[in-house]
Protein chains: 2
Amino acid sequence: MEDDLMQNTNLEQDFLLFLKEIQGYKEALALMEWDSRTISPANALESKADVIGFFSTKIHKLSTSKKMGDFLKELKKKSNNDVLHEIIRVCEEDYSRSSKIPAEEYQEFVTLQSKAEIAWQEARNKNDFSILSPYLQKLVDFNKQFANYWGYEDQPYDALLHEFEPGMTTKKLDAIFSKLKKDLVALLTEIKHSTKDNHTFSLNESFEKNEQNDFIVYTLKKMGYDFNRGRIDETIHPFEITINPDDVRITTRYDESDFRMALFSTIHEAGHALYEQNIDKKYANTPVFDGASMGIHESQSLFWENFIGRHPLFWKNNRDDFLRNAPKSFKKVSFDDFYKQINEVKASFIRIEADELTYCLHIILRYEIEIALINGELKVEEIPKLWNDKMEAYFGIRPKNDLEGVLQDIHWATGDFGYFPTYALGYMYAAQLYQKASEEIKIEELIEENDLIQIKAWLSEKVHQLK
Amino acid sequence: MEDDLMQNTNLEQDFLLFLKEIQGYKEALALMEWDSRTISPANALESKADVIGFFSTKIHKLSTSKKMGDFLKELKKKSNNDVLHEIIRVCEEDYSRSSKIPAEEYQEFVTLQSKAEIAWQEARNKNDFSILSPYLQKLVDFNKQFANYWGYEDQPYDALLHEFEPGMTTKKLDAIFSKLKKDLVALLTEIKHSTKDNHTFSLNESFEKNEQNDFIVYTLKKMGYDFNRGRIDETIHPFEITINPDDVRITTRYDESDFRMALFSTIHEAGHALYEQNIDKKYANTPVFDGASMGIHESQSLFWENFIGRHPLFWKNNRDDFLRNAPKSFKKVSFDDFYKQINEVKASFIRIEADELTYCLHIILRYEIEIALINGELKVEEIPKLWNDKMEAYFGIRPKNDLEGVLQDIHWATGDFGYFPTYALGYMYAAQLYQKASEEIKIEELIEENDLIQIKAWLSEKVHQLK
């Protein structure tokens, strides 16, 4: 199929060149975003937000231009090439949604996104939600407006969900999440009252950043993350970003009093990165070079973080390597105790540090707040109280401050509403993939043999390469 | 004057917005160039070169567009604002030169520049000039063609010189350089036969990178380099790059067996950075936000590197701080011996490691080769031999390989011919500035008091802020 692209008509070639031009802007934009979130000098951030806004608008304009519309109309009639068909399908979906938002409004939105992100960091620094609040209210209003532009059958929130998980609806999620919430709250209550909690040691020993990093890099290489086509840097809120198909970066945050923070979040982001490093290159320089949906993308990160990274057999194999640089006290801990503690279940405040059991409860809390915001039943300034009330109701604990609550995540500050549910969906997809991998490649044996590359290869074939 | 910009006519405002748009592209381009030269994953470099080429072309197109021409024509008639006048003057100079190069030819040139830079790195890795040679020949041909487009009175090389040092001519340089060469060669010969070389210790002790870095950061802060508006990273060939007025980055290269490499090259690049961090912000987002000429820019880096950084009084003050992390053997060296050795004069192969006396000889060698190339008297493949012959004639030493010769500098690989002479001019300007500073601010006293910030302030007032 790749060869077919070489024999394209002029129209098709022109179209691919046009997409490559858009991709050039996207590449610059991704690098500027990476830079802003990792290493940029502090004083330059505000003016960078302007330039980021300018580029986002430029991309939006090109993706919704008459030129794009004309290309799509003409090519749909003529093209009988499978690769191109898929490219056209994705461009059309994007074109159709994007062109419903007026250009100026979109420009305002992206400038606001960047500024809100800076406000979020400042709000975190000062532990003051009111710094972020006015930006957030505007972002909510934009999202409500976008939902109207995009249209929906049942609820406005469906229109937002579609952006991240095409085909998913509030109705479906309500059904899944209400059952899940009931069961999880019950299970968590039971665990809280259990007397089995018997660990007598702490994993919160001081563990120097550079020492942590050795095992992280070792693990990433085991997983098949290609350092010639990526790199790892530090940030506040870890993320994966694709600059181009040969530059897929991950970021992490070190907590020297809890190695689990960096280790598991890096394995998580590397799961995303393996997806992006293994998408079929025939889609390079087109919008198809991306995950199938956010839920599917998240299934990859959660698969690696929880189904592999917290698996007892993974630790049986790698514990010695881990212990080499670890605090001395860790060496006295029995394997069972160690394993149990990295899989410990408990009510906690921070989503990205949450265990497998409670994670989806964090998502459901956010989901409920998002729906109330988009339906106009909740004002932004009321979020902190509602957040904390829900934490108390579902987890039995109440945040001391908003850093432990609403200020922990970047997503709303970047204007993304309808994104959080895909994390819970990712969990469910990952569990299904693991089940399938047990049947098809005897995954437990591979973990036991420490042959993670084979697992990556299976995921590449079954998930990364498919469209 | 800044306020005047607020009261501009619509035409003036539109013009400034247009320049800001161009600046957006320049900012993205600068970040991509910085990234490619410092931290980018290796496999991504080639496709990045394409995107860099795309953006350079875009900037070129906008700077030479009919829109730019119309703005300049209209504004010249109307504007009576000093700031705007200066902006128009610089844009017009750029417009006039750039629009003489056909757009496709320019695009080819910039794509070639990026690819040649990659070839240069590969040629260095493999110590094989023939990898770079075909790219270099094309870059020379482009430069010859550009000289024809731009026009010249006397020699084609004059047209290239003008790009970096407006008003400078081959005739003037021939006069200066021929005298300088004669005197320097004579002096170097005399030094070589001197029996005064009596150092009995070595500064080439193993000195760990991180340990070196402490004193470097300390020195940059003393000089007034603002880390909230910049950062320092590693690269092969150190450079300074301005992403935007609040993000002025420098890079360095560590040699653990010779601390002088990183220390003096960093002070050098910081001299450039101080210039860029202190240009009047009323010129931000316009092409005036730049040095007056490359020679003037270089005067700033050389001023700091050699006139301050190698000054005995600087070391009287800071030697203890330096010695804190330095190899133990350094502590036994007397101040005089230490001072003499960091100011040691000797024939050497690498320009950026050269001492004050021999530096200009390195430049004259390159200048002579450039003229021969541009006049068509020399083919690129003949450079290595001619280079080595000249090294032998002027310095009395012959490179063992091209890493010690033609492959050491990046400039030709980035297509810059006519740039090298500005380094020698920078030396002469720096000497004149130092003389002036002795009269106006008693600079020796300031160095003695370790009050380098006052020196920066004087340079900002007398050089950085003037146009």
Side-chain angles (χ1 to χ4, degrees), chain A residues 17-18 20-36 38-59 61-62 111 210 225-233 242-250 273 276-277 281 284-285 289, chain B residues 17-18 20-36 38-59 61 107 111 210 225-233 242-250 273 276-277 281 284-285 289:
Chain A
L17 274 175
F18 180 58
K20 196 175 173 185
E21 185 187 334
I22 297 176
Q23 193 51 40
Y25 291 113
K26 286 187 179 170
E27 181 161 338
L29 182 64
L31 185 63
M32 288 190 285
E33 284 178 341
W34 172 85
D35 179 72
S36 291
T38 52
I39 61 164
S40 174
N43 291 16
L45 286 174
E46 191 147 346
S47 82
K48 278 185 188 177
D50 279 343
V51 184
I52 286 173
F54 168 71
F55 273 79
S56 302
T57 306
K58 183 88 197 173
I59 292 162
K61 270 187 193 154
L62 288 169
T111 306
N210 291 335
Y225 177 75
D226 184 351
F227 276 96
N228 288 318
R229 298 169 56 221
R231 50 178 286 124
I232 178 168
D233 296 273
T242 299
I243 315 278
N244 71 37
D246 290 316
D247 191 356
V248 178
R249 302 185 184 186
I250 53 182
E276 300 273 324
Q277 284 190 336
K281 276 206 182 173
N285 294 318
F289 199 94
Chain B
L17 273 176
F18 180 58
K20 196 175 173 188
E21 185 187 333
I22 297 176
Q23 193 51 42
Y25 291 114
K26 286 187 179 170
E27 181 161 339
L29 182 64
L31 185 62
M32 288 190 284
E33 284 178 342
W34 171 85
D35 179 71
S36 291
T38 51
I39 63 165
S40 173
N43 290 16
L45 287 174
E46 190 147 347
S47 81
K48 277 185 188 175
D50 279 342
V51 184
I52 286 173
F54 169 72
F55 273 81
S56 302
T57 306
K58 182 89 198 172
I59 292 162
K61 271 187 192 155
Q107 171 146 24
T111 306
N210 291 334
Y225 177 75
D226 184 351
F227 277 95
N228 288 318
R229 297 169 58 220
R231 50 178 287 124
I232 178 168
D233 297 272
T242 299
I243 315 277
N244 71 37
D246 290 316
D247 189 358
V248 178
R249 303 184 183 187
I250 52 181
E276 301 273 324
Q277 283 190 334
K281 276 207 182 174
N285 294 318
F289 198 94

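Proteins get letters first, then strands, A, B, ... in listed order; numbering begins at 1 in each.
Proximity to chain B (any heavy atom under 4.5 Å) is shown, for A:Tyr25, by both the backbone and the side chain. Proximity to chain A involves both the backbone and the side chain of B:Ile39, based on heavy atoms less than 4.5 angstrom apart. The contact between A:Asp50 and chain B is made entirely by side chain atoms (from C-beta outward), counting heavy-atom distances below 4.5 Å. B:Glu21 touches chain A through backbone and side chain together, each having a heavy atom under 4.5 Å away.
In this structure, the side chain to side chain donor-acceptor pair (under 3.5 Å) partners of A:Ser47, at least two apart in sequence or on a different chain, are B:Asn244.
A distance of 12.5 Å separates CD in B:Gln23 from CZ in B:Phe18, rounded to the nearest 0.5 Å. Between the OG1 atom of A:Thr57 and the CG atom of A:Leu62 there is a distance of 11.0 Å, given to the nearest 0.5 Å.
Side-chain atoms of A:Gln277 come within 3.5 Å of backbone N or O of A:Arg229 as a donor-acceptor pair.
Between chain A and the residues B:Val51, B:Asp247, B:Ile243, the most heavy-atom pairs under 4.5 angstrom are made by B:Asp247. Of the residues considered (B:Ala42, B:Pro245, B:Ala284, B:Gly230), B:Gly230 shows the highest number of contacts with chain A, using heavy-atom pairs under 4.5 Å.
Sorted by first and then second residue, the pairs that involve residues 25-35 of chain B and meet salt bridge (Lys or Arg N to Asp or Glu O under 4.0 Å), not counting sequence neighbours, are A:Arg249-B:Asp35, B:Asp35-B:Lys48.
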